[in-house]
Amino acid sequence: MNPVVRDAVRDPIGCTDCSLSADGLDNCITAEGNENADLLVLTRLPLTPRNRAELLTYLSDAGFDTKTIAITAVSKCSSFGADASKADIKACRRHLEAEIDVIKPTWVLALGSEALLTATGRSGIMKYRGQIFDFKDRPHVKVVATISPSMVFRNPGLRGGFIADLSYINRLSRGEKLSDALVPKRIASVVSKRGLQALADELKVCEGYAFDIETTGFDEFKPDGRIISLALSTWRKGDTGPRDCWVIPLYHPESPWRTRWREVLERIAPFLRMPKKRVAHNGKFDLRWLRHFGARFSLTFDTMLAAHLLNENRPKSLESLSRELVGVEPWKIDNKTLIDERLVKVVKYNGMDTWNTALIYFVLRRQLMEQRKLAVLFQRMSVPASEVFTDIERRGIFCDVPLLDERAHIVKQELKAIDSGLMEWVPPRDEWPKNVKAVNFNASNFARWWIFDWLELPITKRGKGGAPSMAEGIMSKLAQDHPHKVLDLLLERVKWNKYDTSFFAPYQELVDENDRIHTTFKLTGTVTGRLSSGKGDQDKVTGRVQNRGVNLQQVPRDPFVRGLFGAAPGWAFIECDYSQIELRVAAFVANEPTMKYLYNSGKDIHMTMAMRMTGKPESEVTKEERKKAKAVNFGFLYGMGWLKFISTAWENYGVVVTEEEAKAFRKAFFDEFPMLMKWHSRQRMMAHKYGRVESPLGRARHLPDIHSSDHKVVAEAERQAINSPVQSFASDMAVMALVRIDEELKRRGLRARSVGTVHDAINFECPEEELEEVVPLIKWHMENVPLEEWFGVHLDIPIVGDCKIGRRWGGADEVENEIVTNPAKFGQWLKEHGYDAVAA
DNA sequence: CACCAGGGCGCG
DNA sequence: AAAGCGCGCCCTGGTG
């Protein structure tokens with residue numbers, strides 16, 4: 001450490017301020033480096049020589065002269081194993097302030113959330129990285145933050161962004177400006193008829209544009225939804241970046257179009273269709289709004305989808321991608337709602353969004369073209385899927401509202417009865433310990449004290465923090481060994497409470513005036529390429545999730561809940577599931593002969609497992625038992641050990657399995673399918689060698705943890721290497737099938753449409769008279785995605801889609817495969833099942 | 001009040 | 001020695 005700083009700052013007696021000082025290897029470590037440094041780098045803990053060297057390499061790569069900087073930490077003691085707590089960091093603050101007063105840096109570079117918090121008092125490193133603040137209590141010192149190098153080490157997906165941040169901060173500390181090409185010369189605010197005409201003329205001749213809208217309100221389908229402004233950055237053929245930037249103020253209070261904003265939008269809409277390239281960042285959001293207000297056009301490129309396909313681990317916001325890929329400066333405005341912001345600022349913000357979208361478009365497009373299979377996935381799946389899900393989200397799914405209200409009432413009644421039953425057993429208040437504040441039947445301090453201290457029931461499992469587990473499996477075992485009314489009631493309550501808070505209440509709140517419930521699908525929400533479903537998008541400005549809908553991928557299978565959804569009167573509900581898709585894909589990628597034989601001869605592997613587990617013949621195995629066997633198959637397939645198998649067998653079957661039996665069962669599974677073991681080894685080997693694995697369709701999963709020194713972490717990455725290609729392949733195929741089905745339905749002028757997907761299942765609503773044509777069409781496209789033609793992948797395993805037709809989700813009748821594929825039989829089947837309105 | 005991590009549980 | 005994978009939402013309790 002620097003002797004000048006040390007002697008000026010360090011407590012000569014030996015500091016005992018923090019908890020680490022007692023057993024610390026070295027106490028009160030002060031800054032390393034130049035005592036007159038202009039830039040003081042602030043980390044969480046004092047760095048080891050190796051980490052310090054690494055950080056200096058990063059800094060020097062980013063253009064810093066490492067002789068002119070100093071490095072210090074918010075916590076000033078180093079100790080094995082022990083981490084600095086918030087109190088420790090607080091205790092060290094006076095030393096840090098003393099250092100700053102001695103060194104007098106102009107800039108502090110805060111690395112990581114603790115450094116940011118200490119320097120600025122703000123938490124949320126991903127939100128504040130790249131922004132400039134004053135140092136707390138030292139306002140003459142400027143602070144700029146980015147993520148910590150250890151985060152980058154753990155996840156190389158963050159490396160690009162980290163280096164870009166450092167370069168940006170370097171330019172900032174030198175007072176350098178950005179290159180001219182990275183900022184628009186001017187942003188044209190379109191506030192007159194002549195301006196509109198000029199924009200329309202440009203749209204007639206330009207090759208492409210990136211666009212973005214700003215909106216007010218949460219949902220495009222709610223009456224208070226308005227579009228505040230629409231921005232575009234255009235380019236001509238042969239350009240390598242955006243040329244002009246345009247913004248049309250719409251509903252903004254200062255906009256001249258405020259009262260006629262919809263009219264203006266309608267007038268410009270036809271011109272938006274003209275250019276060949278139409279680009280947006282998460283365009284699904286913008287298209288939803290624009291379509292709602294009558295401006296209909298489609299995308300040809302989405303920068304968020306491209307960025308995710310290229311690297312599933314990196315942050316995907318426009319802000320961070322722009323910084324990572326082209327090194328632009330932050331342009332965010334720090335305001336809650338744009339409608340309250342001055343128009344000039346909104347115009348600049350909205351315009352910069354599109355300018356930067358255009359900038360990263362050119363980079364991402366080039367990167368994508370370099371990987372043929374990825375480019376095909378992008379073209380055939382990502383972009384058209386974004387289009388399909390725009391409409392699925394707008395459409396929503398029909399919900400039987402009277403039934404919803406009736407059942408929501410039942411749920412409340414059940415809860416009420418259980419709660420009053422439980423109240424009779426609540427111990428008197430003066431017996432409660434200090435940390436118990438109120439009666440709470442959820443997994444709370446009260447409930448844990450009540451069960452495990454007051455009732456003295458045994459604790460079999462604890463969580464990370466040492467709190468006794470109150471998970472369902474644990475509690476039901478407890479109830480079996482120590483019968484008690486309270487346990488029965490609590491177990492019963494979990495289900496009703498979950499129904500109430502997670503399902504019925506949100507459904508009632510979010511069902512729209514047309515009795516439909518919406519969701520938001522994230523096409524970039526998972527590392528494997530599956531879609532995720534949820535309440536809404538993150539608001540770009542506030543960072544909060546817009547509460548526009550519900551998660552439609554976790555609707556309970558219980559008909560009491562799932563049966564609330566279905567088809568509107570006069571329509572039918574179609575569910576089409578891929579049969580055992582991941583197991584089939586695994587058989588393909590592992591090239592497993594026994595599995596292939598079973599599938600090619602129409603056998604059911606889950607049934608085989610169920611028969612083994614229960615010892616029953618096929619005819620006696622129940623649906624429930626087969627479903628549990630499925631869990632066992634997937635468990636072993638993806639690397640489950642014998643110990644977990646013991647608990648699975650107990651929790652699912654109530655079967656006690658000994659250690660020996662469990663090992664033997666696992667061995668039997670792999671003996672039955674000998675190539676699976678070899679496939680597992682191959683995936684592990686690939687992950688170790690390349691740090692990534694790839695699906696047969698070209699989708700990559702990066703696994704930086706494979707190089708960890710922690711064996712558990714490595715083992716986890718190895719299992720991910722096994723699972724990812726299978727999950728990705730299955731998911732990509734399902735999405736491509738949906739895209740093709742949607743295209744075909746539109747091409748034929750049919751009204752049937754998808755209302756959502758759940759990974760390997762696609763749901764549709766369909767006018768009764770179209771069923772005869774639509775169901776076979778869906779089935780055929782699910783089973784015949786042109787993988788050979790598009791990816792050169794020849795599947796030598798049959799892919800089967802099972803179709804169900806009914807009025808409600810989960811309450812439908814399965815149609816046998818040979819019936820769907822036979823028009824005469826299927827027509828008959830439809831009549832027999834009450835679908836009279838079939839086409840002549 | 002906002003934010004966070006962890007527990008628990010719904011789905012595939 | 002020990003190890004299913006992939007998600008999102010609600011709640012609790014702690015912190016600033």
Side-chain angles (χ1 to χ4, degrees), chain A residues 85-87 89-90 113 117 121-124 127 312 435-438 440-448 461-475 494-495 497-503 505-506 519-522 525-536 542-545 547 550-558 561-562 577-578 580-582 586 627 630-645 647-648 666 680 684 701 711-728 730-731 734 757-761 810:
Chain A
S85 69
K86 286 185 177 172
I89 291 172
K90 217 172 170 179
S113 53
L117 184 66
R122 288 162 198 265
S123 72
K127 189 172 159 194
E312 77 287 3
N435 69 335
V436 170
K437 302 272 183 288
N440 184 335
F441 298 133
N442 297 327
S444 61
N445 282 348
F446 170 79
R448 291 194 166 97
K461 195 183 163 196
R462 287 178 186 273
K464 265 191 183 174
S469 171
M470 290 190 65
E472 196 195 355
I474 306 293
M475 296 296 280
V494 169
K495 175 187 147 186
N497 189 49
K498 180 86 176 169
Y499 275 13
D500 180 39
T501 58
S502 294
F503 305 115
T519 186
T520 306
F521 285 100
K522 278 203 186 78
T526 76
V527 288
T528 58
R530 274 190 174 185
L531 312 188
S532 72
S533 161
K535 297 198 297 187
T542 62
R544 268 198 284 270
V545 172
N547 209 20
V550 302
N551 184 334
L552 284 177
Q553 288 178 340
Q554 57 183 184
V555 179
R557 300 170 65 96
D558 184 349
V561 188
R562 198 166 273 202
D577 298 28
Y578 275 115
Q580 305 170 56
I581 185 68
E582 286 194 17
K627 201 194 139 198
K630 196 170 154 184
V632 175
N633 278 336
F634 282 125
F636 284 143
L637 182 68
Y638 295 137
M640 181 171 69
W642 57 266
L643 200 67
K644 172 93 176 186
F645 176 70
S647 55
T648 309
R666 187 170 190 274
H680 279 199
R684 287 195 194 98
R701 172 85 188 266
H711 294 207
K712 270 172 143 175
V713 174
V714 174
E716 191 181 355
E718 288 176 347
R719 292 193 301 275
Q720 289 164 335
I722 291 163
N723 168 275
S724 280
V726 177
Q727 196 181 110
S728 292
S731 167
T757 62
V758 192
H759 309 307
D760 64 355

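Worth knowing before you read on, the calculation uses all heavy atoms, side chains too, and leaves out hydrogens, waters and symmetry mates. Residue numbers start from 1 in every chain, and the chains themselves are labelled A, B, ... in the order their sequence lines are given, proteins ahead of strands.
Between Tyr499(A) and Phe503(A), the two ring planes are perpendicular [angle over 60°; tilted spans 30° to 60°].
A side-chain donor-acceptor contact under 3.5 Å links Ser533(A) and Thr519(A). Arg701(A) and Ser724(A) share a side-chain donor-acceptor pair at under 3.5 Å.
Of the residues in residues 717-728 of chain A, Arg719(A), Gln720(A), Asn723(A), Gln727(A) come within less than 4.0 Å of DNA chain C through at least one heavy atom, sorted by number.
Listed pair Asn442(A) / dT12(C) meets the phosphate criterion, a side-chain N or O lying under 4.0 Å from OP1 or OP2. Dashed line: the shortest gap from a side-chain N or O of Asn440(A) to OP1 or OP2 of dT12(C) is under 4.0 Å. Distances shorter than 4.0 Å separate none of the side-chain N or O atoms of Lys498(A) from OP1 or OP2 on dC9(C). In this structure, Ser532(A) reaches the dG8(C) phosphate: one of its side-chain N or O atoms is under 4.0 Å from OP1 or OP2. When the side-chain nitrogen and oxygen atoms of Asn445(A) are compared with OP1 and OP2 of dG13(C), one or more of them lie within a distance under 4.0 Å.
At distances below 3.5 Å, not a single donor-acceptor pair connects side-chain atoms of Ser728(A) with backbone N or O atoms of Val726(A). Checking side-chain atoms of Arg719(A) against main-chain N and O of Gly639(A) turns up no donor-acceptor pair under 3.5 Å.
Under the rule for a salt bridge (Lys or Arg N to Asp or Glu O under 4.0 Å), Glu312(A) has no partner lying at least two apart in sequence or in another chain. Legend: residues meeting salt bridge (Lys or Arg N to Asp or Glu O under 4.0 Å) with Arg684(A), ordered by chain and number and at least two apart, are Glu718(A). With sequence neighbours excluded, no residue satisfies salt bridge (Lys or Arg N to Asp or Glu O under 4.0 Å) with Asp577(A).
Rounded to whole Å, the distance from NZ on Lys522(A) to C1' on dC11(B) is 16 Å. Here dC11(B) presents its P atom at 7 Å from CZ of Arg562(A), a figure rounded to the nearest Å. Between the CZ atom of Phe503(A) and the C1' atom of dC9(B) there is a distance of 8 Å, given to the nearest Å. One interatomic measurement links the two molecules: CE of Met475(A) to P of dG8(B), which rounds to 10 Å at whole-angstrom precision. Atoms CG (Asp500(A)) and C1' (dG10(B)) sit 15 Å apart, rounded to a whole Å. Here the P atom of nucleotide dG8(C) and the CD atom of Gln554(A) are 9 Å apart, to the nearest Å.
Minimum atom distance to the side chain of Thr501(A) is reached by dC11(C), of the listed dG8(C), dC11(C), dA2(C). For Lys644(A), whose side chain is taken as the heavy atoms from C-beta onward, the closest listed nucleotide among dC10(C), dA1(C), dG4(C) is dG4(C). Residue Ala715(A) places its side chain closer to dA2(C) than to any other of dG6(C), dC9(C), dA2(C). With dG4(C), dG6(C), dC9(C) as the choices, the nucleotide that has an atom nearest any side-chain atom of Arg701(A) turns out to be dG6(C).
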Strictly under 3.5 Å: I want the nitrogen or oxygen pairs between protein and nucleotides 4-7 of chain B, one per line.
unit_1: dG7(B); atom_1: OP1; unit_2: Lys464(A); atom_2: N; d: 2.4

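Counting any heavy atom pair closer than 4.0 Å across all strands shown, Val561(A) reaches no nucleic acid atom. Using a 4.0 Å heavy-atom cutoff across all strands shown, Lys712(A) reaches no nucleic acid atom at all. Here Glu582(A) lies out of heavy-atom contact (under 4.0 Å) with every strand. Note on Ser731(A): nothing from the nucleic acid sits closer than 4.0 angstrom, heavy atoms only.
Contact check for Leu531(A) versus Thr757(A): side-chain heavy atoms found under the 4.5 Å cut-off. In this structure, Tyr578(A) and His759(A) have side chains that are not in contact, with every pair of non-hydrogen atoms separated by 4.5 Å or more. Side chains of Phe634(A) and Met640(A) form no contact here, defined as non-hydrogen atoms less than 4.5 Å apart.
Atoms CG and CD, on Asp760(A) and Gln580(A) in that order, are 10.5 Å from each other to the nearest 0.5 Å.
Between the side chain of Arg557(A) and the base of dG10(B) there is no donor-acceptor pair of N/O atoms closer than 3.5 Å.
The pair Glu472(A)-Lys461(A) fails the salt-bridge criterion, with no side-chain N (NZ, NE, NH1 or NH2) lying under 4.0 Å from an Asp/Glu carboxylate O.
With a cut-off of 3.5 Å on both pairing distances, the Watson-Crick and G-U wobble pairs of DNA chain C assemble into stems of 3 or more at B:1-12 with C:5-16.
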